[in-house]
Every structure is written in C-alpha cells, then in structure tokens.
Amino acid sequence: MEIISKNKIFVIEGEIDASNVSQFKNEIIALFNRYSEIILNVDKVKSISLAGIKAFIELNLFAFEKKKVLSVEGKQISEFYNQNISNL
C-alpha cells in the first residue's frame with residue numbers, strides 16, 4: 001500500500017488489509033496534523049479487507065472528533081464492503 005499526494009488529493013495504491021492497516025491509519029492521521037481536509041482517491045486500490053473498511057470508519061470518526069473532513073472519491077467503499085460480506 002502506498003499513498004501518493006496529487007494536489008491535495010491522496011491517491012492510495014495497492015491493497016489495504018490486516019498486514020498494513022495500522023500503517024494506513026497512522027499515515028492518514030499524520031496527514032490530519034497538516035491538513036484540515038483530506039481527500040482520498042481509492043481508484044487504484046485493488047482490494048480492501050474488512051480490517052481496511054474498519055480503518056476507514058475509524059478514520060472518519062477521528063476526523064469528525066477533530067473537526068476535520070475526510071472524503072473518499074473514486075470506487076465506492078461499498079463495493080469493497082459488499083465483496084467482503086459476500087465472502088463470509
């Protein structure tokens with residue numbers, strides 16, 4: 001998983017799963033220390049595990065508590081969610 005900055009939009013590439021979810025959350029929280037609004041583009045994400053979906057929820061709550069804005073653009077997280085649910 002890699003996060004690339006493109007004009008205040010942060011493009012996530014690769015996979016978000018249990019092996020890198022802590023790194024993902026830490027990197028996004030670090031970005032919130034510099035920005036009040038973060039836009040994540042997930043078009044280049046190949047897959048998101050349930051741990052990754054949970055991370056998005058936790059990051060959204062973190063942003064809300066800190067009066068910051070977290071937006072996700074590109075593929076819908078619901079697509080990844082539905083893929084995970086169908087595999088249970």
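- Evaluation of the side chain to side chain donor-acceptor pair (under 3.5 Å) rule for Glu27 yields Gln23 as partners, not counting sequence neighbours.
- Tracing side-chain contacts under 4.5 Å through hydrophobic residues (I, L, V, M, F, W, Y), one never reaches Ile39 starting from Leu31; they form parts of separate clusters.
- The CD1 atom of Ile3 sits 7.0 Å away from atom CG of Leu40, with the distance rounded to the nearest 0.5 Å.
- Rounding to the nearest 0.5 angstrom, the gap separating the CD1 atom in Ile48 from the CE atom in Met1 is 11.0 Å.
- Ile16 approaches Ile12 most closely through the heavy-atom pair CD1-CG2, 4.0 Å.
- Tyr35 and Val72 fall within a single hydrophobic cluster, where Ile, Leu, Val, Met, Phe, Trp and Tyr side chains are chained together by heavy-atom contacts under 4.5 Å.
- The salt bridge (charged side-chain N to carboxylate O under 4.0 Å, His left out) analysis of residues 4-23, with sequence neighbours excluded, yields the pairs Glu13-Lys44.
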Would you list the atom pairs, donor with acceptor, under 3.5 Å between side chains in residues 54-71 and any protein atom, with sequence neighbours excluded?
from	atom 1	to	atom 2	distance (Å)
Glu58	OE1	Lys25	NZ	2.5
Lys68	NZ	Phe32	O	2.8

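- Between Ser49 and Ala18, the closest heavy-atom pair is OG-N, 3.8 Å.
- When hydrophobic clusters are built by joining Ile, Leu, Val, Met, Phe, Trp and Tyr residues whose side-chain heavy atoms come closer than 4.5 Å, directly or via intermediates, Val42 is not grouped with Val11.
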